[in-house]
Amino acid sequence: QVQLEESGGGSVQAGGSLTLSCLVHGNVFSKPPIGWFRHTPGKDREFLASITYDAKDTLIADSVKGRFSISRETAGDTVDLQMNNLKPEDSGFYYCAAHRSLWPGPRADEYDSWGQGTQVTVSS
């Protein structure tokens, strides 16, 4: 089983940018598909983006399309979520997770391993 560690959260003004990173630890032979989710109080965990193990395919949620992108470095150990033109409603805790199969869809219950999260605060 892999372990995931998020970093890069912080505070930013509206219109600014942040890049979150997800470091994948554990089984060096496993490069699981990775998804990014956001959780805000009172709401369900929201899917944002995902990327396959080989970085050939990505999926971006309509709610953040055009502002967020996802990438994976060649070795597959780090998955970044680039967030541009941030809005106050983007504030929340951001998590990366490893999908249990080859295609990382948007359902949170299909992800087995989760990081501890990193907080993003966007001020107006």
Side-chain angles (χ1 to χ4, degrees):
Q1 189 167 352
V2 297
Q3 294 84 44
L4 306 174
E5 181 179 351
E6 302 94 341
S7 63
S11 297
V12 64
Q13 287 192 327
S17 298
L18 280 175
T19 298
L20 305 182
S21 293
C22 175
L23 182 61
V24 183
H25 300 273
N27 186 346
V28 296
F29 299 106
S30 173
K31 296 181 181 179
I34 297 293
W36 277 97
F37 291 78
R38 174 172 66 205
H39 186 231
T40 53
K43 296 183 179 180
D44 292 334
R45 197 164 291 188
E46 178 188 8
F47 171 82
L48 300 172
S50 63
I51 190 165
T52 53
Y53 76 99
D54 57 2
K56 290 184 178 179
D57 291 294
T58 62
L59 179 65
I60 307 293
D62 289 342
S63 60
V64 298
K65 194 169 290 184
R67 298 191 299 123
F68 289 16
S69 62
I70 189 169
S71 62
R72 187 169 200 157
E73 50 87 21
T74 304
D77 296 332
T78 304
V79 176
D80 288 343
L81 182 70
Q82 175 68 43
M83 306 185 295
N84 299 319
N85 190 22
L86 284 162
K87 305 175 182 180
E89 50 264 42
D90 292 318
S91 297
F93 277 91
Y94 285 67
Y95 299 87
C96 63
H99 199 276
R100 68 177 62 136
S101 66
L102 289 177
W103 172 244
R107 290 180 50 174
D109 61 359
E110 294 178 351
Y111 290 78
D112 288 333
S113 300
W114 293 78
Q116 294 299 307
T118 186
Q119 187 170 6
V120 171
T121 303
V122 184
S123 57
S124 58

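Here, residue 1 is the first one in the sequence, and each next residue gets the next number. In this text the structure is predicted, and so the values were computed from the model without any measurement.
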Task: Criterion side chain to side chain contact (heavy atoms under 4.5 Å, CB included) against Val79, the qualifying member of Arg72, Glu6, Lys31 - done: Arg72
Open item on the list: Does any part of the side chain of Leu4, heavy atoms only, come nearer than 4.5 Å to the side chain of Tyr95, both counted from C-beta?
Closed with: no
Task: CZ on Arg45 to CZ on Arg38, rounded to 0.5 Å - done: 13.0 Å
Open item on the list: Please determine whether residues Trp103 and Ile70 belong to a single hydrophobic cluster, defined as Ile, Leu, Val, Met, Phe, Trp and Tyr linked transitively by side-chain heavy-atom distances below 4.5 Å.
Closed with: no
Task: Residues which pass ring pair (Phe, Tyr, Trp, His ring centres under 6.0 Å) with Tyr111, listed by chain and number, not counting sequence neighbours - done: Phe37, His99
Open item on the list: Within the 4.5 Å heavy-atom criterion, are Leu23 and Ser7 side-chain neighbours or not?
Closed with: no
- [ ] Group every Ile, Leu, Val, Met, Phe, Trp and Tyr by side-chain heavy-atom contacts under 4.5 Å, then state whether Ile34 and Leu59 land in the same group.
- [x] no
- [ ] To the nearest 0.5 angstrom, please state how far the CG atom of Leu20 sits from the CZ atom of Phe68.
- [x] 8.0 Å
Open item on the list: Quiz question: by atom type and distance under 3.5 Å, do the side chains of Gln82 and Asp80 form a donor-acceptor pair?
Closed with: no
- [ ] Kindly compute the distance separating CG (Leu81) from OH (Tyr94), expressed to the nearest 0.5 Å.
- [x] 7.5 Å
TODO: Only counting residues at least two apart or in another chain, list the ones meeting side-chain contact (heavy atoms from CB on, under 4.5 Å) with Asp54.
DONE: Thr52, Lys56
Task: Stepwise salt bridge (Lys or Arg N to Asp or Glu O under 4.0 Å) check, Lys65 with Asp62 - done: CA-CA 5 Å; Lys65 194 169 290 184; Asp62 289 342; 3.1 Å; yes
Task: With sequence neighbours excluded, residues passing salt bridge (charged side-chain N to carboxylate O under 4.0 Å, His left out) with Asp112 - done: Arg100
Task: Inter-residue atom distance Leu48.CG - Arg67.CZ, 0.5 Å rounding - done: 9.5 Å
Task: Pair listing, disulfide (SG to SG under 2.5 Å) test, anchored in residues 65-95, at least two apart - done: none
Task: Any side-chain heavy-atom pair of Val120 and Met83 under 4.5 Å - done: yes
Open item on the list: What's the separation between atom CG in Asp77 and atom NE2 in His25, rounded to the nearest 0.5 Å?
Closed with: 9.0 Å
Open item on the list: Does anything in residues 113-124 form a side chain to side chain donor-acceptor pair (under 3.5 Å)? List the pairs, not counting sequence neighbours.
Closed with: Gln1-Ser113
- [ ] List for me each residue that meets side-chain contact (heavy atoms from CB on, under 4.5 Å) alongside Val12, sequence neighbours excluded, and say none if there are none.
- [x] Leu18, Leu86, Val122
- [ ] Looking only at non-hydrogen atoms, find the nearest pair between Asn84 and Ser17 and report the distance.
- [x] OD1-OG, 3.0 Å
Task: Heavy atoms from other residues, nucleotides or ligands near CD of Gln13 exceed 12 (cutoff 6.0 Å) - done: no
TODO: Measure from the side-chain N and O atoms of Ser50 to the backbone N and O of Pro104, and report whether any donor-acceptor pair falls under 3.5 Å.
DONE: yes
- [ ] Inspect the surroundings of CG in Asp109 and state if more than 12 heavy atoms from other residues, nucleotides or ligands are less than 6.0 Å away.
- [x] yes
